Q: 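Below is one structure. I have some questions about it.
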There are 4 protein chains.
Amino acid sequence: MRGLNKVTLIGNLGADPDYQQLEGNVGVAKFSLATTEAYKDKNGHVHHTTDWHSIVLWRSLAELTHKYLRKGSMVYVEGKLKNRQFEDKEGRTRYVTEIVADQIIMLDKKVGNTEDE
Amino acid sequence: MRGLNKVTLIGNLGADPDYQQLEGNVGVAKFSLATTEAYKDKNGHVHHTTDWHSIVLWRSLAELTHKYLRKGSMVYVEGKLKNRQFEDKEGRTRYVTEIVADQIIMLDKKVGNTEDE
Amino acid sequence: MRGLNKVTLIGNLGADPDYQQLEGNVGVAKFSLATTEAYKDKNGHVHHTTDWHSIVLWRSLAELTHKYLRKGSMVYVEGKLKNRQFEDKEGRTRYVTEIVADQIIMLDKKVGNTEDE
Amino acid sequence: MRGLNKVTLIGNLGADPDYQQLEGNVGVAKFSLATTEAYKDKNGHVHHTTDWHSIVLWRSLAELTHKYLRKGSMVYVEGKLKNRQFEDKEGRTRYVTEIVADQIIMLDKKVGNTEDE
DNA sequence: TTTT
DNA sequence: TTTT
C-alpha cells in the first residue's frame with residue numbers, strides 16, 4: 001500500500017555463499033556483498049569506501065547463487081530492506097538489516113544469467 | 001569504482017524528525033520511515049508488513065526535513081546504505097544500518113519540493 | 001540474461017487515461033505522464049523542465065488505472081523501456097518509446113493503492 | 001519539483017561510441033545499448049527479447065566513454081529519459097527518446113571505473 | 001497535456 | 001513509531 005522498498009547494489013561477494021536446504025525443500029542462500037565507491041576529499045585526493053551488505057536469497061535465487069556465485073564474484077542485486085530481530089547468546093535482542101533479493105544479475109564473464117524470484 | 005549502492009523508499013515518517021546543528025553550521029536530520037506492503041498468503045488473504053528504516057540527512061536536505069517534514073508525512077527517499085558501529089552504554093560494539101539520503105521528494109499535497117544534495 | 005531495463009518515474013497524468021478491453025478480456029490502459037524538475041542556471045535562477053512519458057499498462061494495472069487515475073493524478077510508475085514501430089498513415093515506419101509499467105503507486109491522498117503486475 | 005525521472009540499464013554497446021567535441025571543449029558521446037531479457041512463454045519455452053536504447057553522455061562521462069567503451073562492452077547506465085524533437089530531411093518533425101546518462105559503471109573485467117557527472 |  |  002503506497003509503499004516502496006527497493007535496494008539495488010553492484011558489488012563483489014566477500015566469501016563463498018552459505019547455502020542451506022530447509023524443510024519442504026526450500027533453499028536459502030546468504031552472502032556478504034561489498035560495494036566500493038570512490039570519492040574526493042577537500043584536497044582532491046581520491047579515497048575509497050566499502051560498505052558491506054547482508055544478502056538473503058530464497059528458492060530459485062538460492063540455487064543459482066549456490067551453483068554459480070563464489071568469493072569475489074561480481075553481481076547486481078535488487079531486493080528489499082528487511083529488519084529482523086533475534087536473541088544473541090546472552091539473551092539480548094539484536095537487530096539486523098538484510099536485503100532479501102528478488103533479482104540478481106551475474107556480472108562475471110564466465111557465467112551469465114539473470115533470474116527473477 | 002565498479003560499485004552501486006542505492007536505496008529508494010516511499011513511506012511515512014513515524015515521528016517528527018530530529019534535527020541538530022553540528023559545529024561549522026552543518027545540519028543533520030534523522031527520522032524513521034515506515035514502508036508498508038500488501039501481500040497475499042496462500043489462502044489469498046491480504047496482509048500488510050511494515051519495515052522501518054533509519055534515514056539520515058545532511059546539510060540542505062536536513063534543513064528541508066526540519067522545515068517541512070512531520071510525523072506522518074509521506075516522502076520519497078533515495079540514498080545509500082551505510083553501516084555504522086558504535087559503543088552502547090555497556091561498552092559493547094553495536095551495528096546499525098542507516099540510509100544516508102541524497103534526494104528526497106515530498107509527496108504530501110501541503111508542501112511540494114524536491115531537493116538534491 | 002545479464003540485462004537490466006528499469007524506469008522509475010514520479011509525475012502527474014496529463015489527461016484522463018485511455019482504457020480498452022482487448023479480445024480475451026485483456027485490458028490495456030495508456031496515459032501521458034509529466035515529470036517536472038527544477039534546475040539552476042549559471043546565474044542561479046531556478047527553471048523547470050518537464051518531460052512527457054508514454055505509459056502503457058496491462059491487465060490488473062490497466063483496471064486500477066482506469067478505476068482510480070485521472071488527469072492530474074500523481075503516481076509512481078516502475079516499468080521497462082520498450083521501443084515499438086508502427087506504420088503511420090502515409091505508410092512510413094515510425095518509432096515510439098513507451099514505458100510498460102509493472103508497478104504503480106498512487107500518490108494522491110484520495111486513493112491509496114499499490115499494485116504489482 | 002515533485003518529480004522523479006530515472007532510468008537504470010545494464011547492457012552491451014551495439015557499436016563503438018560516437019564522440020564529438022563541441023565548442024567550448026564540451027564533449028558528447030552517444031551509443032546504442034542493448035538490454036536483453038529472458039522470458040518464458042505459456043508453454044514454458046525460454047525466449048529472449050532485446051531492447052535498444054539511445055544513450056547520450058556529456059563532459060567527463062563522454063571522455064570516459066570515448067576512452068574505455070567499445071562495441072560489446074557491458075555497462076551499467078543511470079540517467080534521465082529525455083524527449084527531443086528534430087526536423088528530418090523532408091522537413092517533418094520527428095521525436096526521439098534518449099537517455100541522458102548521469103552515472104556509468106563499466107562492467108568488463110579489463111577496465112574498472114565508476115563516474116558521476 | 002500535468003503538477004507546485 | 002507511520003500510512004491506507
Side-chain angles (χ1 to χ4, degrees), chain A residues 1-5 81 83 85 93 95, chain B residues 9-18 29-40 46-55 64-65 67-77 96 98-99 104-116, chain C residues 9-18 29-40 46-55 64-65 67-77 96 98-99 104-115, chain D residues 1-5 81 83 85 95:
Chain A
M1 300 236 73
R2 281 168 162 256
L4 178 72
N5 174 355
L81 269 178
N83 295 291
Q85 29 176 309
T93 308
Y95 302 87
Chain B
L9 305 167
I10 293 177
N12 301 278
L13 277 75
D16 284 354
D18 176 68
K30 299 190 180 198
F31 58 79
S32 281
L33 189 77
T35 55
T36 306
E37 261 190 311
Y39 68 93
K40 283 181 192 152
V46 177
H47 294 261
H48 292 94
T49 8
T50 295
D51 295 289
W52 287 96
H53 313 276
S54 300
I55 315 291
L64 265 179
T65 294
K67 221 164 158 180
Y68 296 117
L69 294 179
R70 294 289 169 268
K71 179 178 179 170
S73 300
M74 183 160 63
V75 72
Y76 168 89
V77 174
V96 235
E98 293 168 324
I99 289 119
I104 60 173
I105 302 177
M106 297 168 187
L107 296 172
D108 289 310
K109 270 283 138 70
K110 328 151 197 170
V111 294
N113 233 320
T114 308
E115 217 69 20
D116 282 277
Chain C
L9 305 168
I10 293 177
N12 301 279
L13 277 74
D16 284 356
D18 176 68
K30 298 189 180 197
F31 59 78
S32 281
L33 190 76
T35 56
T36 306
E37 260 190 310
Y39 68 94
K40 282 180 194 152
V46 177
H47 294 262
H48 292 93
T49 7
T50 296
D51 294 291
W52 287 96
H53 312 276
S54 299
I55 316 292
L64 265 179
T65 295
K67 221 165 157 180
Y68 295 117
L69 294 180
R70 293 289 168 269
K71 180 178 178 169
S73 300
M74 182 159 66
V75 71
Y76 167 88
V77 173
V96 235
E98 293 169 324
I99 289 120
I104 61 172
I105 302 177
M106 296 169 188
L107 296 171
D108 289 310
K109 269 282 140 68
K110 328 150 199 171
V111 295
N113 234 319
T114 308
E115 217 68 20
Chain D
M1 299 239 76
R2 283 169 160 254
L4 178 71
N5 174 355
L81 269 179
N83 295 290
Q85 26 177 309
Y95 302 87

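Note that these values count all heavy atoms, side chains included, but never hydrogens, waters or copies made by symmetry. The model shown is predicted, which means the values in this text are computed figures rather than measured ones. Below, chain A is the first sequence line, B the second, and so on; all start at residue 1.
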Q: Could you work out which one of E:dT3, F:dT3, F:dT1 sits closest to the side chain of B:Asn12?
A: F:dT3
Q: Output all residues satisfying side-chain hydrogen bond (donor to acceptor under 3.5 Å, both in side chains) with C:Asp18, sequence neighbours left out; order by chain, then residue number.
A: none
Q: How close or far is atom P of F:dT2 from atom CG of A:Asn5, stated in whole angstroms?
A: 18 Å
Q: Rounding to an integer number of Å, can you tell me how far C:His48 NE2 sits from E:dT3 C1'?
A: 10 Å
Q: What nucleotide among F:dT2, E:dT1, F:dT1 has an atom nearest to a side-chain atom of B:Ala15?
A: F:dT1
Q: Would you kindly give the CG-to-P distance between D:Asn83 and E:dT2, to the nearest whole Å?
A: 17 Å
Q: Would you say B:Ile55 and B:Ile104 make side-chain contact, with heavy atoms under 4.5 Å?
A: no
Q: Taking atom P of E:dT4 as reference, at what distance in whole Å does atom CE of B:Met74 sit?
A: 13 Å
Q: Please report the distance, rounded to the nearest Å, between CD1 in C:Ile10 and C1' in E:dT3.
A: 13 Å
Q: To the nearest Å, give me how far apart CD1 (B:Ile105) and C1' (E:dT4) are.
A: 13 Å
Q: For B:Thr50, answer base if it contacts any base atom (sugar-phosphate contacts may also be present), sugar-phosphate if it contacts only those atoms, and nothing otherwise; contact means non-hydrogen atoms under 4.0 Å.
A: base
Q: With sequence neighbours excluded, tell me which residues meet side-chain hydrogen bond (donor to acceptor under 3.5 Å, both in side chains) with C:Ser54.
A: none
Q: Separation of C:Ile104 atom CD1 from F:dT4 atom C1', in whole Å?
A: 15 Å
Q: Could you check whether any side-chain N or O of D:Asn83 sits under 3.5 Å from a backbone N or O of D:Tyr95, counting only pairs where one atom can act as donor and the other as acceptor?
A: no
Q: Could you work out which one of F:dT3, F:dT1, E:dT1 sits closest to the side chain of C:Trp52?
A: E:dT1
Q: Output the rounded distance in Å from CG (B:Leu107) to P (F:dT4).
A: 13 Å
Q: Just compare E:dT1, E:dT2, F:dT3 and give me whichever is closest to any side-chain atom of C:Ser32.
A: E:dT1
